[in-house]
Amino acid sequence: MPTSSESIDELLAAAEPLIELAVAEDIGPGDATSLATLEPGTILQGRIVAKAPGVIAGLPVAEAVFRAVDQQIAFTPHVQDGQIVVDGELIAEVVGPGRGLLAAERTALNFLQRMSGIATQTHRMVSAVGTTDATILDTRKTVPGYRILDKYAVRMGGGLNHRMSLYDMLLIKDNHIDGAGGISAAIRRARTHHPDLPIEVEVRDMAELQEALAADPPLDRILLDNMTPAQMRMAVQLTAGRVPLEASGNVTLDRLADIAATGVDFISAGSLTHSVVALDISMKIGLATVGDESALVQRIREVKAAQGERLVILAHHYQRDEIAALADFRGDSLQLARQGTQTNAQVIAFCGVHFMAEVAAILAKPGQHVLIPDPTAGCYLADTATSQGVQTAWQALDDALGAADSEITPITYVNSSADLKAFCGRHGGVVCTSGNADRVIRWALEQRPRIFFFPDQHLGRNTSHRVGIPDGDMLVWNGRVPPSAASIRATRVYLWPGACCVHRRFRPDHVLAIRERHPGIKVVVHPECTAEVVALADESGSTSRIITLIERSAPGSKWAVATETRLVYRLQSEHPDQLIIPLADVAPFCRTMSQTTLANLAEILEGLERGELVNEVTVEHETAHWARVALERMLAL
Ligand code: 13P
Ligand code: SF4
């Protein structure tokens, strides 16, 4: 399950009186239209469908609404809370007495749409903080009575909850400070009354910040109220990591990247819950949608059979189950790169994200074509490193070291654009995947004394640890404040600051919590997780290593897995004799991996029947040549 059962119990307990109120408000003595138009025994099937892309939250509440109206209604979710859906995706099916089904529809959707709207906006904000370590928080600006629902939805979108209410944390604001006669006096009184509660203090300028920083013992957090990014940057410098800082006030999506770049630890946004735009979700009685799998599956099978050996379908492990089931070959990125070079099919339908299809296109034999079901399915991590950004960093390294080309081996994780792979090809560098990063780094250090690893700082750090390089020999590149020439010369490993938005969601406290909840459970994590998570885990490894570990485990084994959630659920269904659960209580899904659907796969395959190459992935000749050099260096290792 994507959320712990305690969290669902708390949600349902909070929702129960709200559902009662809402049902009484909407249905009252009866739904006049349904009662008039439907025979009493009519059984209907409803399909709840997303009409826009977003993150789903509130399925247990929607189910409880249907049950509250008619106990006989069966609710079958097709996605989980926290999961990203595409436009047209089937979210849930409901079957039962038609009168109850239609009477409950509006109320169930009202809950689901509002909560999914909050989760979707939270997810946008979480994505907008980019490669910084800033965490998105909610506030108490929730609809009265709906706080637990609203805050649950924020968690589903990948945000964290600020204090729940006035009783569980002290937040000393300007009014308290003025009333108490100053910051120090307010802190003193707060500590005396509540030595057990965390304390946060709001500051309006640097003088107040200095006073708050002087508190001994240090405060739990300091809130920077309505400051400009320049002031926040100054506050971060002044604080120097002694107390976590929270930015608050006028936090909008377009300001987020700038705020996060100041280095604050938390950003709280009242708009997440006070200005909710509901996600568009509707219920249709018995109509076909993207989720109407059988017709599309049949169509895809027909085209596959007709194309025969001319066509091969490759799928990454993070793809939807229905896509994975249709693939001729399923693998992690290293296996897929190898498989791409081995097939003789004329057309490779690549079900994955864009950089993976690009690798297949670069390695393709003459006359082979690579098609991707959705050409906009990118990779958040790959997008953190642009060719220009890497060139600029390389120039700075060159200036500091004299000759970067003879000092540094550039390594790009396969999750990167063809341009960056070509950069590595041109500079004696190489590509790696999470499955061979150890081998590649060892090889690179045999060529030259230093490495420049992009775009994933965590894979770079974790793998460097594995080959014996300590943190003191690494630095994370900061494009805004480049390191001094002296620190560049004193460092062996330069890490690009990129991170995967899925894997960075796993935290050390998840490891501790899961071990407490399931004594004896083993924790296995993907090396795109942070070094803190990897250090606590029992095992770490690429997607295929995770799969192999579980496949080889004895019945009764228990695993908490930190990687993309679809794979974790698939492993659980393939190994029912083991317990296999996501490590995080809100399990993360990769949005772009979800963009491949039966509908867009069928579309490219139907194109083949018409003799068209729909969504062909191509790479410019010169770039492809140098990228192939770097890829072939990797494949030869
Ligand atoms: P693998 O190399 O394990 O397939 O990982 C690819 C990826 O995108 C991980 O997020
Ligand atoms: Fe990219 Fe992360 Fe998705 Fe993998 S899981 S494709 S690294 S965003």
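As the structure lists them, so they are numbered: ligands from 1, and atoms in each ligand from 1.
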Atom indices of ligand 1, in the order listed, that fall short of 4.0 Å to a heavy atom of Ser333: 1 (P), 2 (O), 4 (O), 6 (C)
Glu528 contact mode with ligand 2 (heavy-atom cut-off under 4.0 Å): side chain
Sidechain N-carboxylate O distance under 4.0 Å for Asp133, Arg504: no
Those atoms of ligand 2 less than 4.0 Å from some heavy atom in Cys590: 3 (Fe), 5 (S), 6 (S), 8 (S)
Under 4.0 Å to a heavy atom of Asn415 - the qualifying atoms of ligand 1, by number: 7 (C), 8 (O)
Heteroatom distance test (Thr433, ligand 1): nitrogen or oxygen, under 3.5 angstrom: no
Which of the ligand 2 atoms, numbered from 1, are nearer than 4.0 Å to a heavy atom of Cys500: 2 (Fe), 5 (S), 7 (S)
No-hydrogen, no-angle side-chain donor-acceptor test under 3.5 Å, Arg461 and Thr530: no
Side-chain ion pair, Arg450 and Asp473, N-O less than 4.0 Å: no
Heavy-atom gap His526 to ligand 1 smaller than 4.0 Å: yes
N or O pair under 3.5 Å between Ser544 and ligand 1: no
Ring centers of Trp559, His575 separated by less than 6.0 Å: no
Those atoms of ligand 1 less than 4.0 Å from some heavy atom in Glu528: 7 (C), 9 (C), 10 (O)
Glu564 with Arg591: basic N within carboxylate O range, under 4.0 Å: no
Residue Tyr380 vicinity, atoms of ligand 2 by number, heavy atom under 4.0 Å: 8 (S)
Per-atom contacts of ligand 1 with Thr543, taking only distances under 4.0 Å to non-hydrogen atoms: 1 (P), 3 (O), 4 (O), 5 (O)
Gap separating the NE2 atom of His123 from the CD1 atom of Ile56, nearest 0.5 angstrom: 12.5 Å
Flag if over 12 foreign heavy atoms under 6.0 Å of CG, Asp321: yes
Atom indices of ligand 1, in the order listed, that fall short of 4.0 Å to a heavy atom of Tyr318: 7 (C), 9 (C), 10 (O)
